[in-house]
Q: 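Okay, here's the structure, questions in a sec.
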There are 2 protein chains.
Amino acid sequence: MADVAAAAGVSLSTASLAFSGNKPVSEETRDRVLAAAGALGYAGPNPLARNLRRGRSGVVGVAVGRLSTAFRDPAALPMLDAVSEVLDAAGLGLLLMPHGDEHAGLPLDAVIYDICGCETWGPYDDLVARGVPLVVVEGPAWAGATYVDVEHRRGAADVARHLHDLGHRRVATLTLDSSHPQREREAGLREVFPDAEVIGPCDSDLVAAQLAVGAWWDRGGEATAVVCQSDVQAAGVVLEARRRGMDVPADLSVAGFDGVATPWLDVELTTVVQPLAEKGRATARAVLSRIAGEVADDVLLPVRMRVGGSTGPAPSTV
Amino acid sequence: MADVAAAAGVSLSTASLAFSGNKPVSEETRDRVLAAAGALGYAGPNPLARNLRRGRSGVVGVAVGRLSTAFRDPAALPMLDAVSEVLDAAGLGLLLMPHGDEHAGLPLDAVIYDICGCETWGPYDDLVARGVPLVVVEGPAWAGATYVDVEHRRGAADVARHLHDLGHRRVATLTLDSSHPQREREAGLREVFPDAEVIGPCDSDLVAAQLAVGAWWDRGGEATAVVCQSDVQAAGVVLEARRRGMDVPADLSVAGFDGVATPWLDVELTTVVQPLAEKGRATARAVLSRIAGEVADDVLLPVRMRVGGSTGPAPSTV
DNA sequence: CGATAGCATCGAAACGATTCGATCGAAACG
DNA sequence: CGTTTCGATCGAATCGTTTCGATGCTATCG
């Protein structure tokens, strides 16, 4: 930039102002600087230097598990999409941080922990030591972090009540690996069905759910309704039930969670609809606040049960 | 760091060496520096300053469309996962660049264009002016970029021959928006079926495919086989065909592309299996080479047709 | 017409590291 | 014992900006 300034016959500081526009520069001077830049093939201020000066990198990390697993669940995308949209508008980029701490050397302005079952991570000590703002989505409590969460417990309780109203008394649940949302949801379920049987934990994956519930039936499991922790799991249960000759919802009611689209399934799932986009926006807003040095309030978003065709009256034969 | 050096009674340069290990430092000195750092709550060298010195940000951008659409297709994930794995190992982070140029101010060491239908973008002039290495996946030709691609044309031709061998003569194809891969694949198809009818372009989305092929049938479209540009599209066609009382493959053969898992479909698709992970690794390797200042050769990866149960002999009644 | 604003410009000091070349002992060598 | 070598340490330059405070200079005001 010094060369450009020299070529334009102005000082370095003026050239800088011509590019950044942080202070008024006469039209004529700006044009002269820009022309000189063009002639010299100067592409504008070096972002690295700017970042050093500003003390900001313009990059926000988002901790996900392995990409292929984190995004397999269709609920992850609308959320991340909304995050990205808000951050983009603020000129911030989103850096993927798959499990691992290879990213210790990168300059991050903030980090989002979207807990896709990454309960065990713990915040990177390095980030905490550096004072990098942390925003935790659906996560356990970490000191100093801002929280964004949805009403897992209430959603699960709503579903449980719905099933109870339909006459179900023998309910089983397919769980996720132990995590904050899982614990909350199980608590919600147990408000209504204290003795609900746990089929076992499995990933939010169609085949995994089929295998898990199939194995449970094989070893004699019985229930008139299965409550799942994601719509993908629920779809797996529906498919496996049918494969075994059961009708949904006549013989078995199945409930999901998330409220994502499953167009390849011919029945609309009864589920708990999360405001995924709003969750993402709230997360991004929290990030922006924290970066700006403000305190950001924790956010708890409401959920809404949606009754679909996958749940129905309990079969009277039980 | 100056404070730490002072506290440890060494010079700034020595303190720097103690942290980076770029030159030998006596064990005792290092311990003293680290101890001083701990006492002063210094979390290590500031990445922004390091980046400025090094002239590297450690961040690689990956241009995708909107996240929700880019990752909806299950083929995108294994690819990106592999990219991320290789880059992580090299200490580089992956920055998502959704469509738009808000990312102009970010310091990127290289940019990957994974052309998910983002044909129209053009490389950011800014990046080119800055001399940022570009790696284009399945893209059109841009001067100076390194290319990674798969044998779209050959894969499509293999599928076409397979159908021809099965006796099909009336073949239609569901396309993607015009793009390099789409053009290549259509060329492959036309090697065997020069007159194949185009049903129309649609996103690689289940519902979109159902609607597109459904509308085509509604307006009198006829074919014994439909060649699709992704497995998701193919699944949509299978579902829609069945909804209309056709049997797959007895009445209609359907072929996909990509070779991803569709466990919710009860028929294994005939498809063209792409080496997705290898594509990702090759891409990442190209990025690393280019960042290192080396020239990176273009890569063309082989594909393999996999015959599944979605294609069969042409019905004799046509 | 003199004092006061206000605008454009400039010089110089950060921002926080890395790294080149020089210095200084001590060990190794003949 | 004199000389070379090597490892540890240091000082200073550098990376490329942004921005604070100062300096003219020209309108504005009374």
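In the text below, chain A, chain B and the rest are named by the order of the sequence lines, each starting its count at 1. Computed from heavy atoms alone, side chains included, the values below leave out hydrogens, waters and symmetry copies.
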Q: Do the ring planes of F71(B) and F71(A) sit parallel (below 30°), tilted (30 to 60°) or perpendicular (above 60°)?
A: parallel
Q: What are the two closest non-hydrogen atoms of P107(B) and L48(A), and how far apart are they?
A: CB-CG, 3.9 Å
Q: Could you give the CG-to-P distance, from L52(B) to dC15(D), as a whole number of Å?
A: 9 Å
Q: Taking any atom closer than 4.0 angstrom to a non-hydrogen atom of chain B, what span of DNA chain C does the protein reach, first nucleotide to last?
A: dG16(C) to dT19(C)
Q: Would you say the ring centroid of Y113(A) lies under 6.0 angstrom from that of Y147(A)?
A: no
Q: Do NZ/NE/NH1/NH2 and the carboxylate oxygens of E278(A) and R285(A) come within less than 4.0 Å?
A: yes
Q: Using a distance-only test with no angle check, is there a side-chain donor-acceptor pair under 3.5 angstrom linking R290(A) and T146(A)?
A: yes
Q: Quickly work out the L48(B) CG to dG16(D) C1' distance and round it to whole Å.
A: 13 Å
Q: Give the C-alpha distance, both sets of side-chain angles, the deciding distance and a yes or no for side-chain contact (heavy atoms from CB on, under 4.5 Å) between Q182(B) and D177(B).
A: CA-CA 7 Å; Q182(B) 172 58 48; D177(B) 284 328; over 6 Å; no
Q: Do NZ/NE/NH1/NH2 and the carboxylate oxygens of K279(B) and E138(B) come within less than 4.0 Å?
A: yes
Q: For the helix from dC1(C)-dG30(D) to dG30(C)-dC1(D), measure the angle between the helix axis at one end and the axis at the other, each built from five pairs, rounding to 10°.
A: 30°
Q: Once hydrogens and angles are ignored, does a donor-acceptor distance under 3.5 Å link the base of dG11(D) to the side chain of S13(B)?
A: yes
Q: Is S16(A) near enough to dT17(D) that one of its side-chain N or O atoms lies under 4.0 angstrom from OP1 or OP2?
A: no
Q: Give the minimum heavy-atom separation between L106(B) and G91(A), together with the two atoms involved.
A: CD2-O, 4.3 Å
Q: Using a distance-only test with no angle check, is there a side-chain donor-acceptor pair under 3.5 angstrom linking S11(A) and T14(A)?
A: yes
Q: Taking all non-hydrogen atoms of both residues, which atom of D88(B) and which atom of P98(A) are closest, and how far apart?
A: OD2-CG, 3.5 Å
Q: Mark yes or no for a side-chain to base donor-acceptor pair under 3.5 Å between R50(A) and dT17(D), with no hydrogen or angle criteria applied.
A: no
Q: Under 3.5 Å, is there a donor on one side chain and an acceptor on the other for N51(A) and S57(A)?
A: no
Q: For DNA chain D, which residues of residues 23-36 of chain B approach it to below 4.0 angstrom with any heavy atom?
A: P24(B), V25(B), S26(B), T29(B)
Q: Over all strands shown, is N51(A) touching base, sugar-phosphate only, or nothing at heavy-atom distances under 4.0 angstrom?
A: nothing
